Peer 1: 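First the structure, which I've put down as structure tokens, then a few questions once you've had a look.
In what follows, residues are counted from 1 in the order of the sequence shown. Note that the coordinates shown come from a computational prediction; the quantities given were computed from them, not determined experimentally.
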Amino acid sequence: MSRNLSRIKALFELYQYDLLKSDDNIQYFDQEFPKLLEEVNEENDSKYEFSYDEKFSKELYQGVIDNLSDIDRTIAISLTDYTLDRLGYIDRNLIRIGVYEIVYLHEPKNIIINEIINLSKEYTQTESFLSSRFNNRLLDNICKRLGV
């Protein structure tokens, strides 16, 4: 669960960066996220405690930001009859995280695609899961194009 929550935290930060074109509020979010998680754990009736890997979350966020133009170019080349700016903020940033993990961290593509699709179902929910299907195809096309 820690990597999943780390991806979610990075997703929220990338969403904010993408929306505002600035990372001015990221430091505030970094301070508030652990507090929010602590509240969730206090209210949680089960013995399971939610946690995240701060280092991994920061690596995802900073890695995407540092390689944003290359990642976006990789995504744009793999889009057919679609442009990057037409993707929703959440979808665009989920795909960015997926590309970063596959290309720069050399994580296994099947695992990362599955993780991104699950997050897509959770955060871009539509009745027919069109967004998650689109994201699945897009990540698969990117991997094929890159030969990974």
Side-chain angles (χ1 to χ4, degrees), residues 1-37 39-41 48 50-148:
M1 183 61 119
S2 109
R3 280 203 157 206
N4 189 39
L5 280 174
S6 299
R7 285 185 188 97
I8 292 169
K9 183 176 182 286
L11 172 64
F12 291 166
E13 291 173 337
L14 288 166
Y15 173 88
Q16 182 175 319
Y17 179 86
D18 199 11
L19 187 64
L20 302 175
K21 304 300 182 224
S22 163
D23 61 359
D24 292 342
N25 295 324
I26 299 301
Q27 188 175 30
Y28 175 76
F29 188 74
D30 280 343
Q31 295 169 353
E32 293 302 312
F33 191 79
K35 294 175 189 174
L36 176 64
L37 202 55
E39 287 177 25
V40 168
N41 284 327
Y48 183 81
F50 294 98
S51 64
Y52 74 107
D53 181 345
E54 178 65 25
K55 182 180 174 189
F56 181 63
S57 179
K58 284 183 185 227
E59 179 179 6
L60 289 177
Y61 173 78
Q62 199 59 55
V64 170
I65 296 301
D66 290 346
N67 298 287
L68 191 58
S69 60
D70 289 338
I71 290 171
D72 282 355
R73 188 173 22 261
T74 299
I75 296 168
I77 290 169
S78 297
L79 287 167
T80 308
D81 299 327
Y82 223 76
T83 59
L84 187 63
D85 62 332
R86 283 188 62 200
L87 294 175
Y89 287 100
I90 296 290
D91 291 315
R92 183 169 45 240
N93 287 294
L94 281 171
I95 298 299
R96 286 172 172 161
I97 290 170
V99 169
Y100 178 75
E101 286 196 71
I102 293 167
V103 174
Y104 294 90
L105 300 181
H106 308 290
E107 296 289 342
K109 72 174 185 172
N110 293 338
I111 292 171
I112 299 307
I113 290 174
N114 188 51
E115 290 290 326
I116 297 302
I117 298 316
N118 287 336
L119 288 172
S120 182
K121 288 177 181 177
E122 183 74 25
Y123 292 99
T124 63
Q125 175 75 27
T126 61
E127 289 179 24
S128 59
F129 296 111
L130 291 177
S131 184
S132 61
R133 289 183 196 162
F134 180 87
N135 293 345
N136 189 5
R137 278 193 306 268
L138 178 55
L139 280 169
D140 192 50
N141 287 343
I142 290 168
C143 289
K144 286 177 184 173
R145 191 175 286 278
L146 296 173
V148 291

Peer 1: Charged N to carboxylate O below 4.0 Å: is that the case for Glu101 and Arg7?
Peer 2: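 Result for this pair is yes, salt bridge flagged.
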Peer 1: Could you measure the distance from the CD1 atom of Ile90 to the CG atom of Asp18? Nearest 0.5 Å is fine.
Peer 2: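 Ile90 atom CD1 to Asp18 atom CG measures 9.5 Å (nearest 0.5 Å).
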Peer 1: Could you work out, with side chain to side chain donor-acceptor pair (under 3.5 Å) as the rule, every residue matching Asp72, not counting sequence neighbours?
Peer 2: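 By the side chain to side chain donor-acceptor pair (under 3.5 Å) rule, Asp72 matches Arg96.
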Peer 1: Look up atom CG in Leu138 and atom CD1 in Ile75, then write down how far apart they are to the nearest 0.5 Å.
Peer 2: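 Here the rounded value is 6.5 Å.
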Peer 1: Which value, rounded to the nearest 0.5 Å, describes the distance between Leu14 atom CG and Gln16 atom CD?
Peer 2: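 Answer rounded to 0.5 Å: 10.0 Å.
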Peer 1: CG of Asn110 to CG of Leu139: how many Å apart, nearest 0.5 Å?
Peer 2: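 One gets 11.0 Å once the value is rounded to the nearest 0.5 Å.
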Peer 1: Could you walk me through whether Tyr104 and Asn67 satisfy the side chain to side chain contact (heavy atoms under 4.5 Å, CB included) test, starting with their C-alpha distance in whole Å, then the side-chain angles of each, then the deciding distance to 0.1 Å, before giving a yes or no?
Peer 2: CA-CA 9 Å; Tyr104 294 90; Asn67 298 287; 3.5 Å; yes
Peer 1: Could you point out which residue of Ile116, Ile117, Asn114 forms a side chain to side chain contact (heavy atoms under 4.5 Å, CB included) with Asn136?
Peer 2: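 The single option meeting the side chain to side chain contact (heavy atoms under 4.5 Å, CB included) with Asn136 is Ile117.
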Peer 1: Can you tell me which residue pairs pass the salt bridge (Lys or Arg N to Asp or Glu O under 4.0 Å) test with a partner in residues 73-87, sequence neighbours excluded?
Peer 2: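 Passing the test, one end in residues 73-87: Asp70-Arg73.
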Peer 1: Quick check for you: to the nearest 0.5 Å, what is the distance between Leu60 atom CG and Leu105 atom CG?
Peer 2: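 Nearest 0.5 Å value for the CG-CG distance: 6.5 Å.
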Peer 1: Between atom CD1 of Ile95 and atom CD1 of Ile113, what is the distance when rounded to the nearest 0.5 Å?
Peer 2: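 Here the interatomic distance stands at 9.0 Å.
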Peer 1: List the residues meeting ring-ring contact (aromatic ring centres under 6.0 Å, His included) with Tyr15, not counting sequence neighbours, and say none if there are none.
Peer 2: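 If we apply the ring-ring contact (aromatic ring centres under 6.0 Å, His included) test to Tyr15, skipping adjacent residues, the hits are Tyr89.
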Peer 1: Return the minimal non-hydrogen interatomic distance between Leu84 and Leu79, and the atom names on each side.
Peer 2: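 Heavy atoms only, the tightest pair is N-CD1, 3.5 Å.
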Peer 1: Of all heavy-atom pairs between Thr124 and Ser131, which one has the smallest distance, and what is that distance?
Peer 2: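 The answer is OG1-OG, 3.2 Å.
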Peer 1: Measure across Ser120 and Asn135 and return the closest heavy-atom pair with its distance rounded to 0.1 Å.
Peer 2: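 Here Ser120 and Asn135 meet closest at OG-ND2, 3.0 Å.
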Peer 1: Sort and list the pairs that fulfil side chain to side chain donor-acceptor pair (under 3.5 Å) and have at least one residue in residues 56-65, not counting sequence neighbours.
Peer 2: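 Every side chain to side chain donor-acceptor pair (under 3.5 Å) pair that includes a residue of residues 56-65, provided the two are not neighbours, is Gln62-Asp66.
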Peer 1: Residues in ring-ring contact (aromatic ring centres under 6.0 Å, His included) with Phe12, at least two apart?
Peer 2: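 With sequence neighbours excluded, Phe12 shows a ring-ring contact (aromatic ring centres under 6.0 Å, His included) to Tyr123, given in chain and number order.
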Peer 1: Using residues 140-148 as the side-chain source, report each donor-acceptor pair under 3.5 Å to any protein atom, sequence neighbours left out, with the distance given to one decimal.
Peer 2:
from, atom 1, to, atom 2, distance (Å)
Asp140, OD2, Lys144, NZ, 3.2
Asn141, ND2, Arg137, O, 3.4
Arg145, NE, Ser78, OG, 3.3
Arg145, NH2, Ile77, O, 3.4

